[in-house]
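Working notes, beginning with the structure itself.
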Amino acid sequence: MRLVILDNYDKVSEWAARYIKRRILDFEPGPDNYFTLGLPTALPRNHPESYHSFMWHNFFKHIDILPENAHLLDGNAEDKVAECEHFEEEIKKAGGIELFMGGIGPDGHIAFNEPGSSLVSRTRVKTLNQDTVEANARFFGGDISQVPTEALTVGVGTVMDAREVMILITGAHKSYALYKAIEEGVSHMWTVSAFQMHPKTIFVCDEDATLELKVKTVKYFKGLMTLHNKLLEEKSVEPSSKKQRSN
Amino acid sequence: MPGNKTVSDGHIFQFKNCRILRNHSIFVEDLWVRDGKIIDPEKLFYVEKGYADFQVDCKNAIIAPGFIDVQINGGFGIDFSSNFDDIEGGVQKVAKGILQHGCTSFCPTIISSSKEVYKKVLPKIKIKAGGRDGAEILGVHVEGPFISKEKRGAHLLENMATYDNGFSDVLDMYHDISSVRIVTLAPELPRSLDVIREFVDRGVVVSLGHSMASLSQGEEAVKHGASFITHLFNAMLPFHHRDPHLVGLLASYKHPPDLRIIYYGIISDGIHTNPCAERIAHRTHAKGLVLVTDAIAAMGFPSGQHQIGPQLIEIRNKRAMIAGTETLCGSIATMNQCVKYFYEATECTMVDALESASLHPARLLKITDRKGSLDYGTDADFVMLDDSLNLLATYIGGELVWDSKLGYDRVVNHGTRRI
C-alpha cells in the first residue's frame, strides 16, 4: 500500500483531488465511467442531506459530466435487492471501477460495511449500527430519530474488485481505525483492513490520523513523500491537458 | 440531446459564471431556465438525466429577480390617467420602456379621476403577461378618488369623492374593477372599514394614503385588511410623537397576526424622501419597504423642456418642474435608479435593496408563487447587475428583453451549444 501523510485536512483534500485528476487525465477516459458511493436510504432524493444532494452540490454541478454517466444507488427504489444487483451489473458494463475513493469510519468500516460484514460482500442493504447512526446525527440537526437505519452500500468485495482504491482519513478520532486497518491483521471487524489484500491501495491521511501508528511506520512513509508527489506529475507530453469527460 | 423529454421539449438554458440572489443571500450559483420558468438543476440531472442546451456566460454579473413597480403613473410622454387616444398602445409603450429600468412587472396607476374616465380607461388596461414587448401588467392601481381633499397633492379637487353608501358607491365610480389590483383610499372617510373589507374579499390590495388619518384610524383600517401605505411620508400627516399618524403603522403592535408585515411604498429618488427619513423607515421596518417610482409621464425624457398634455415641463438636474418655476411636479426617477439610490443612501445590504424592489412587492400582491424571487418554479423574470447595481440586462420568462449594450434589438446569442 501507499500511505501519504500530509499536514492537515485541506492538504489531504488537495492532494487527493490532484491525484484523481492525474489518474483521469492519464486514463484518457473514453467509454469508461467512475462510480461514487451511495449513502443512507429512506431519504427523498431532494432532502438536503441525501447523498444525491451532497453529490450534486459538491461535485456534479461543478463539472460537465453527462447525467447518464452518474450512477447513484437509489435508496428509494421499490425493490432494493434488485437495485443493488442492477448496480453491480452497471459496474460490470462500465468495465469495472478504475479508482474507488472512500473514507473510513471510526469503527474501521468502508462504505457502510459495518464490523462483521463479509469481506467478500457485494452491493446490498445494510442495517447501520449505533455508532454510525450517532455519527450521522449531525446531519439531521442532532436528532437521532431522524437518522435512517438502513443503507444501500457497495460491498467490501465490490470495492476490492476496483483496480485501485484510495482511502482518505483525517482526524484523531479516526486514528485508531487507521492503526487497526494497516498495522494489525485482516479482520472483518475492521473492514478497511481488507485492502491489505488489494494490489493497489493508497491511504491519504493527515497528521492527526497517524496518532495511533508506530513512529517507525510514520517515518517510513513520510520518507517516501518525494515518490508520492511524483505520482501527481504529468507523465508524458500530452497534446491537450484540458480535462476530458467520459462520453 | 438533453434529458428524456418526459417533462418538456423546451430548451434548457444554463446561466453560468454569475451570482444569484436566493434565500436572502447572494452567492455563486448557476441559474437554470426552461419554458420561461426557473428550474431545479438537481432534479433535471437525476430524474430527467437532462442538461443544458445553451449556456450563457454572465461574466460574473449578479442576477436578481426582476423589479416590480406597484405605483407608476406613466412615462415616455404617456400619462395613464389622461391618455385616451390609444389606451392600450400607451400602456404598452410604458411597459416596453420600463424594461430598460429592470422592471419586469408593474401596476399602471390612475390618479383621482371622474366616473367617465374610469369607465373609459379601466376596461382597456388588461392583465397581460410580459415578454419582448413589455413588462407584465399585473393590474391597475387606482390611487383615489376616495381620498382626503386636504391631502390630495396634485390630484384635482373636482375629482375627490366619498363612499357614504358603502361599496355600491365604489362600483358606481369605477364601474369595472376586474383588473384593479391595488386601491389607495383615506381610511378616515366614513364607511371606509366596510369598503376595505369588500375590496380585500375581492383580492384587491387596500393601501392607505392621501389621508389625514390618525394612527388609530390607520390601525383600524389594517385590522380590516388594509396592507399597504402609499408613498410613505408624502400626502399624509407627519410623524408626531403623540400621534405618529400613518407613519406609526410601521411600528404598531396592533396589527392582526396575518398582517404583521405592513408594506409601505418609498419613492427613493433623493428628492421626494429625505435620505434620513428613508433610513428611519428602513431601520424601523425593513421587511415592509417597497420601492416605487410614482413616475409621471415625463419619466424617460432627457433634460430640457417637454410638452406633456397641457403642461410644459422642464427636466433639469434629474428633477421635473413646471417650466419657469422651481415647483416639483412629480418623480421621474427610474426603478433601477431608485434601487441604486436607496442602496447608497441607507447603506443597507444589497439583498435588502434588491428585495425591496422585487420580493416585497410580490409579497404585497401575494404573487410570490411566480414572481419576486429566483425560486424553482417561478417565472424567469430577472435582471443582471454589476457590483454597483448598475443594470446590465433584463430578462422576462428567460428571454433577453433588454441589454444595456445593445438596447432592444439584440440577436439572442446564447453561447455555445454543448454536445
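So that the names make sense, note that chain A is the first sequence line, chain B the second, and so on, each numbered from 1. In this text the structure is predicted, and so the values were computed from the model without any measurement.
For residues 375-390 of chain B, the set of pairs meeting the salt bridge (Lys or Arg N to Asp or Glu O under 4.0 Å) definition, not counting sequence neighbours, comprises B:R19-B:D387, B:K37-B:D379, B:R370-B:D379, B:K371-B:D379, B:K371-B:D381.
More than 12 heavy atoms of other residues, nucleotides or ligands lie within 6.0 Å of OH in B:Y376, so this atom counts as buried by the packing criterion. Within a 6.0 Å sphere centred on CD of A:E134, other residues, nucleotides and ligands contribute more than 12 heavy atoms. For A:E78, the CD atom sits in a loose shell: 12 or fewer heavy atoms of surrounding residues, nucleotides or ligands are nearer than 6.0 Å.
For the atom pair CD of B:E29 and NE2 of A:H57, the computed distance is 6.5 Å after rounding to the nearest 0.5 Å.
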Is there a side-chain contact (heavy atoms from CB on, under 4.5 Å) between A:L66 and B:F45 once you walk through the steps?
CA-CA 8 Å; A:L66 288 175; B:F45 185 87; over 6 Å; no

Residues A:K61, B:E42; criterion side-chain contact (heavy atoms from CB on, under 4.5 Å); working and verdict:
CA-CA 8 Å; A:K61 82 176 182 197; B:E42 189 185 332; over 6 Å; no

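For B:F67, there are no ring-ring contact (aromatic ring centres under 6.0 Å, His included) partners, not counting sequence neighbours.
Between A:W56 and B:Y46, the angle of the ring planes goes over 60°, which puts this pair in the perpendicular group of the 30/60° scheme.
Listed here is the closest heavy atom pair of B:G50 and A:P67: O-CG, 3.3 Å.
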